[in-house]
Amino acid sequence: MRGLNNRSVLVTGAARGIGLATAERFAEEGAQVLLVDLAESLELTGALAERGTYKCIDVTSADGRAAIETLIDERDIDVLVNNAGITRDAVSWKLDADNWQKVIDVNLTAVFMLSQAMAKSLRARKKEGVILNAASVVAHYGNFGQSNYVATKAGVIGLTKTMSKELGRFGIRVNAVAPGFIATDMVAKMPDEVLDGMRGKAPLSRLGEPSEIAAAYAFLASDDAKFISGATLNVDGGLVLG
């Protein structure tokens with residue numbers, strides 16, 4: 001337990017998978033957590049039943065982002081986790097413009113817009129804070145059939161570095177987490193031979209768990225990481241080593 005009981009946290013893409021595990025981890029460590037996703041409703045259990053609030057908001061819409069900006073101020077949010085993300089896979093010569101743009105809108109534009117809103121709010125409130133962004137190890141080496149997704153995750157890493165330079169003087173830390181292959185519900189539905197291939201690519205020879213990514217976010221939000229900014233933490237079982 002890193003003691004996050006004095007923190008107010010907003011997690012996007014929080015209805016399942018890594019986002020939900022991250023929200024749970026923060027709540028278990030004493031934070032007040034605002035969960036945002038597209039699901040109309042979400043049953044909150046465990047620590048989230050006491051310390052969590054769920055809002056159905058589309059991070060890609062102007063109205064949705066305005067709502068989140070208001071919530072950041074009203075809830076006195078000091079940790080933002082930009083976790084929301086989608087895939088629309090196709091080889092680059094078959095990828096249509098619509099599916100390119102959808103991934104850009106969720107995975108990169110929303111990250112920038114919400115980070116910008118968070119930075120403005122923290123400065124107006126004269127508070128230090130933390131912005132955490134979801135990258136991916138595929139940003140380091142590419143991935144077949146994911147030109148849109150990889151482009152956004154590489155963009156997130158560059159955005160993280162730039163905003164950390166801009167915001168550090170105000171006591172605002174900006175970092176990214178780059179997961180490898182994680183055992184989410186979506187991955188679990190893949191054929192066994194594909195899963196075996198994923199496991200075989202990582203030196204630890206297994207898939208990661210959502211809770212392990214959540215632990216990385218909790219660490220980066222904590223005072224244990226108060227001298228870390230502009231970093232991308234690979235949580236991938238060694239996959240990035242190739």
Side-chain angles (χ1 to χ4, degrees), residues 1-39 41-59 63-85 110-134 160 163-164 167-177 210-211 213-229 233:
M1 298 288 285
R2 300 189 183 278
L4 297 170
N5 57 303
N6 293 321
R7 308 298 169 89
S8 181
V9 183
L10 191 158
V11 183
T12 68
R16 60 182 179 176
I18 292 170
L20 181 57
T22 298
E24 290 173 341
R25 177 61 181 259
F26 277 104
E28 287 165 359
E29 298 209 15
Q32 296 295 319
V33 186
L34 176 61
L35 298 82
V36 171
D37 208 309
L38 288 176
S41 62
L42 180 67
E43 181 182 359
L44 301 180
T45 61
L48 283 174
E50 177 183 353
R51 301 189 185 95
T53 304
Y54 178 76
K55 298 287 185 181
C56 175
I57 299 176
D58 181 357
V59 299
D63 288 345
R65 290 194 294 265
I68 290 176
E69 187 168 359
T70 298
L71 287 166
I72 287 172
D73 289 333
E74 291 179 348
R75 304 275 181 138
D76 199 26
I77 298 294
D78 50 23
V79 179
L80 169 66
V81 183
N82 283 308
N83 171 75
V111 172
F112 168 71
M113 298 298 289
L114 298 185
S115 296
Q116 183 185 64
M118 180 69 170
K120 288 179 178 178
S121 177
L122 287 170
R123 290 195 60 197
R125 288 180 279 141
K126 295 180 170 56
K127 288 193 66 175
E128 297 184 352
V130 181
I131 298 171
L132 301 173
N133 300 323
T160 298
M163 293 192 78
S164 72
L167 297 173
R169 73 190 71 180
F170 306 111
I172 301 171
R173 297 189 290 107
V174 188
N175 290 296
V177 172
S211 61
I213 308 303
Y217 281 129
F219 163 67
L220 289 172
S222 74
D223 286 344
D224 286 353
K226 62 184 178 182
F227 200 54
I228 300 175
S229 193
L233 177 57

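Heads up: numbering here begins at 1 and tracks the sequence. The structure displayed is predicted, hence computed values, not measured ones.
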Could you tell me which non-hydrogen atom of [X] sits nearest to which non-hydrogen atom of [Y], and how far apart they are?
X: V9; Y: A31; answer: CG2-CB, 3.9 Å
X: S8; Y: I77; answer: OG-CD1, 3.3 Å
X: A14; Y: L42; answer: O-CD2, 4.0 Å
X: N82; Y: S115; answer: ND2-OG, 3.0 Å
X: A218; Y: L4; answer: O-CD1, 4.1 Å
X: V79; Y: A221; answer: CG1-CB, 4.0 Å

For residues 41-55, the salt bridge (charged side-chain N to carboxylate O under 4.0 Å, His left out) pairs (sequence neighbours left out) are none

Taking the side chain from [X] and the backbone from [Y], do they hold a donor-acceptor pair closer than 3.5 Å?
X: N5; Y: G30; value: no
X: R7; Y: F26; value: no
X: R173; Y: A225; value: yes
X: D78; Y: G129; value: no

Q. Is the closest side-chain donor-acceptor distance between N133 and T160 under 3.5 Å?
A. yes

query: Are N175 and S164 linked by a side-chain donor-acceptor pair shorter than 3.5 Å?
result: no

Could you please spell out the steps behind the side-chain contact (heavy atoms from CB on, under 4.5 Å) verdict for L114 and T12? CA-CA 10 Å; L114 298 185; T12 68; 3.8 Å; yes

Measure the shortest side-chain to side-chain distance between [X] and [Y] over non-hydrogen atoms and say whether it is less than 4.5 angstrom.
X: L122; Y: E128; value: no
X: V11; Y: V36; value: no
X: L20; Y: D37; value: no

Rounded to the nearest 0.5 Å, what's the gap from [atom1] on [X] to [atom2] on [Y]? Could you check?
X: E29; Y: S222; atom1: CD; atom2: OG; answer: 8.0 Å
X: E28; Y: L48; atom1: CD; atom2: CG; answer: 8.0 Å
X: I213; Y: R25; atom1: CD1; atom2: CZ; answer: 12.0 Å

side-chain contact (heavy atoms from CB on, under 4.5 Å) with Y217: of V130, L233, L132, only one passes, and it is L132

### Message
Could you check whether R65 pairs with D58 (Lys NZ or Arg NE/NH1/NH2 to Asp/Glu carboxylate O, under 4.0 Å)?
### Response
no

- Message: Does R123 have more than 12 heavy atoms from other residues, nucleotides or ligands lying within 6.0 Å of its CZ?
- Response: no

Quiz item: Near K127 NZ, under 6.0 Å, is it more than 12 heavy atoms from other residues, nucleotides or ligands?
Solution: yes

Quick one: side chains of residues 68-75, donor-acceptor pairs under 3.5 Å with protein atoms, not counting sequence neighbours, listed by atom name and distance.
from	atom 1	to	atom 2	distance (Å)
T70	OG1	A66	O	3.2
D73	OD1	S121	OG	2.4
R75	NH1	T53	OG1	3.3

* To do: Check the pair F219, I228 against side-chain contact (heavy atoms from CB on, under 4.5 Å), reporting the backbone distance first and the verdict last.
  => CA-CA 10 Å; F219 163 67; I228 300 175; 3.7 Å; yes

